[in-house]
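Quick caveat: nothing in here was measured; it's all calculated off a predicted structure.
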Amino acid sequence: MIRPDLTLPIPENIEAAHFIGIGGSGMSGLARMFLERGIKVSGSDRADSKYLQELAALGATVYVGHEASNLADDVDTVVHTGAIWPENPEFVLAKQRGLHVIHRSQALHWFIGARRLVSVAGAHGKTTSTGMVVTALQGLDADPTFVNGGVIAHLGVSSGNGSGDLVVIEADESDGTFVLYDTAVALITNVDPDHLDHWGTREKFYTAFAEFANSASEAVVISSDDAGAVRVAREISHPHMVTFGQASDATFRVHDIRTDGPVSFSITHGDQTAHAQLGIPGVHNAVNATGAVAVLVTLGYDFEAAVDAVQAFGGTARRFELHETRRGVSVYDDYAHHPTEVAAALSGARTVVGEGRIIALHQPHTYSRTQDMFQEFADVLESLADHTVVLDVYGAREDPVAGVTGALVSEAFSDSSKVHFVADWQEAADYTASVARDGDYIITLGCGNVNLIIPQVLEALESSDAVTGQGE
């Protein structure tokens, strides 16, 4: 992978941009916004996708596969992700031509300019929280520009150009780029150490979040409950720090949470209390909504109006997203790829599955995370899912590591009858369908490409071998 060099100069003007890795949810959203600003856009990705097709329909020139010939003569700026290799032919040629070659975060920084910025950071929940803030702002008659890491369900897009002066973004801590932005209001959902392959130590991870918070020009809104956030808060010297969560001393306190369906709850701020209900389940989403309300009030909006507006949020793609129900079995997809996220996804599912069971279809993400956290994954999956099917590791940007496979997770279960490791996807789909019975939820878990197995699972549910649903 290529680590972003934030010391590289950002061009004053961009007329023709080429995106290497344009098919990702974040990159495609940024490319769409460049197009809407009238900038010529081209880009490539290793595989075709709906994102490439949508961008092509909007006027972008897109390529499947990375070739030097994809880089047109009139391109003045190349935008890349950290997931590409230094040997990428388009990257190499751009360097040889002396073009501006910048990380996606630097391109986003250029795009934002001097507008008032809300940056949402955290190891978990930032995509959902960003979507909540954007949805509520639109309901409050604001028209923000936004760039999210996932598609906001009711909008059908991950980014949008607004007419107002406010910008809301999901700020990525995984590679340190979240400190690049000129943030006005910083929202920190939690500080659960992750991406230690980049940071090296937990202490450096915590310090980066403190730097991100202290650099906000107006305020920092931070969790009162998360242990890492509490630790970071002690290092924050910002004069305007707002807390949110279930803690009794939180500036915005969420309480009376009910999870027997779509989550409902109350939020108290000072001497004001308001009730809310979301269309999505889970205690974690009640907490996320409270953080969004805290941001809105910090921006100057009325408390009760903010609580009312956040209720319109309907979720984001790949966050407990229902695909279809076949043979009475509902098949969901969730982006969860860290033990804390998996716990939140499965706990939320438990509140709405009723008498049914939860069958997790887990794809470990990256060799380094699997090697470091296989026992934590096993503990969470074994305690919160009724049965788990483990696929092999999705390596993403990493080279394989000897001995690190999905079997590490399955072998760490104390009860081997509750888990099954299957490397072959068709076998995994068939097995998962054979275990499922009427009323069960199957949930794919992972931020790699595990969602692509869903059509195979749905087909297997309808096959003759799965019709009886003889689950355990």
Trainee: Considering all heavy atoms of both residues, which atom of L445 and which atom of L381 are nearest to each other, and what is their separation?
Mentor: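 Here L445 and L381 meet closest at CD1-CD2, 4.0 Å.
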
Trainee: Strictly by modelled atom types, are E382 and S414 linked by a side-chain donor-acceptor pair under 3.5 Å?
Mentor: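 Yes, side-chain donor-acceptor contact under 3.5 Å.
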
Trainee: If the condition is salt bridge (Lys or Arg N to Asp or Glu O under 4.0 Å), which residues does R326 pass it with, not counting sequence neighbours?
Mentor: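 Checked R326 against salt bridge (Lys or Arg N to Asp or Glu O under 4.0 Å); matches are E324, E462.
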
Trainee: Counting only N and O atoms by type, is there a donor-acceptor contact under 3.5 Å from the side chain of R115 to the main-chain atoms of F111?
Mentor: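 Yes: the side chain of R115 pairs with the backbone of F111.
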
Trainee: Give me the atom names and distance for the closest heavy-atom approach of Y367 to G395.
Mentor: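 Closest pair (atom of Y367, atom of G395, distance): CE1-CA, 3.4 Å.
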
Trainee: Ignoring hydrogens and geometry beyond distance, is a side-chain donor-acceptor pair present between S330 and T325 at under 3.5 Å?
Mentor: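 Present: a donor and an acceptor within the cut-off.
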
Trainee: Do Y431 and H387 have side-chain atoms, one donor and one acceptor, less than 3.5 Å apart?
Mentor: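 Checked: Y431/H387 side chains pair up, N/O donor to acceptor below 3.5 Å.
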
Trainee: Looking at side-chain heavy atoms only, is the closest gap between I169 and F146 below 4.5 Å?
Mentor: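 No, their side chains stay 4.5 Å or more apart.
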
Trainee: State the CD1-CD1 distance between I188 and I222, to the nearest 0.5 angstrom.
Mentor: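 One finds 4.0 Å between CD1 of I188 and CD1 of I222.
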
Trainee: Testing the 3.5 Å rule here: is there a donor-acceptor pair between the side chains of S417 and D415?
Mentor: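 Checked: S417/D415 side chains pair up, N/O donor to acceptor below 3.5 Å.
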
Trainee: Got a sec, which pairs hit side chain to side chain donor-acceptor pair (under 3.5 Å) with one end in residues 234-247, sequence neighbours left out?
Mentor: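 Listed once each, the pairs are N214-S237, T243-T251.
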
Trainee: To check you understand the geometry: which heavy-atom pair defines the closest contact between P364 and L391, and what is its length?
Mentor: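 Minimum heavy-atom contact is CD-O, 3.3 Å.
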
Trainee: Only counting residues at least two apart or in another chain, list the ones meeting ring pair (Phe, Tyr, Trp, His ring centres under 6.0 Å) with Y394.
Mentor: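 So Y394 forms a ring pair (Phe, Tyr, Trp, His ring centres under 6.0 Å) with H365.
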
Trainee: What heavy-atom pair brings V380 and S383 nearest, and what distance separates the two atoms?
Mentor: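 So the two residues come closest at O-OG, 3.1 Å.
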
Trainee: Using only heavy-atom distances, determine whether the side chains of Q272 and E304 contain a donor-acceptor pair under 3.5 Å.
Mentor: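 No, E304 and Q272 have no side-chain donor paired with an acceptor closer than 3.5 Å.
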
Trainee: What I want to check is whether the side chains of D143 and S163 have a donor and an acceptor closer together than 3.5 Å.
Mentor: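 Short answer, yes.
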
Trainee: Would you say the side chain of T145 lies within less than 4.5 Å of the side chain of L166, judging by non-hydrogen atoms?
Mentor: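 No, every pair of side-chain atoms sits at 4.5 Å or beyond.
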
Trainee: Considering all heavy atoms of both residues, which atom of I443 and which atom of A349 are nearest to each other, and what is their separation?
Mentor: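 For I443 and A349, the tightest heavy-atom pair comes out as CD1-CB, 3.5 Å.
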
Trainee: Is there a side-chain contact between F244 and V295, using heavy atoms and a 4.5 Å cut-off?
Mentor: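 No. Closest side-chain heavy atoms not under 4.5 Å.
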
Trainee: Look at the rings of H269 and F252 and say which category their plane angle falls in: under 30° parallel, 30 to 60° tilted, over 60° perpendicular.
Mentor: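 If you compare the ring of H269 with that of F252, the planes turn out parallel.
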
Trainee: Between D165 and R116, does any side-chain N to carboxylate O distance fall below 4.0 Å?
Mentor: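 Judged by the 4.0 Å cut-off on N to carboxylate O distance, D165 and R116 do not form a salt bridge.
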
Trainee: May I ask you to check whether over 12 heavy atoms, not counting those of E54, lie within 6.0 Å of atom CD?
Mentor: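 Check passes, neighbour count above 12.
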
Trainee: So, taking the atom named CG in N288 and the one named OG1 in T290, what distance separates them when rounded to the nearest 0.5 Å?
Mentor: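 Spacing of CG (N288) from OG1 (T290) equals 8.5 Å.
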
Trainee: Using a 4.5 Å cut-off on heavy atoms from C-beta on, say whether the side chain of V389 contacts that of H362.
Mentor: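 SC-SC contact between H362 and V389 ruled out.
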
Trainee: Whether the side chain of E170 engages the backbone of T130 through a donor-acceptor N/O pair (distance < 3.5 Å, no angle test) should be reported.
Mentor: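 No, because the side chain of E170 does not come within donor-acceptor range (under 3.5 Å) of the backbone of T130.
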
Trainee: Heavy-atom distance under 4.5 Å between the side chains of Y441 and D386, does that happen here?
Mentor: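 Heavy-atom side-chain distance check fails, nothing below 4.5 Å.
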
Trainee: Calculate, to the nearest 0.5 Å, the distance between atoms CZ and OG belonging to F377 and S410 respectively.
Mentor: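 The OG atom of S410 is 13.5 Å from CZ of F377, to the nearest 0.5 Å.
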
Trainee: Where is the tightest heavy-atom contact between D392 and A423, given as atom of each residue plus distance?
Mentor: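 In this case the closest contact between D392 and A423 is OD2-CB, 4.2 Å.
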
Trainee: Can you tell me how far apart OG (S159) and CE (M27) are? Round to the nearest 0.5 Å.
Mentor: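 Between atom OG of S159 and atom CE of M27 there are 12.5 Å.
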
Trainee: Are side-chain N/O atoms of E321 and N451 paired as donor and acceptor at under 3.5 Å?
Mentor: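 Side-chain D/A pair, E321 to N451: absent.
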
Trainee: Side chains of T268 and T273 only: does a donor on one sit below 3.5 Å from an acceptor on the other?
Mentor: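 T273 and T268 do have a side-chain donor-acceptor pair below 3.5 Å.
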
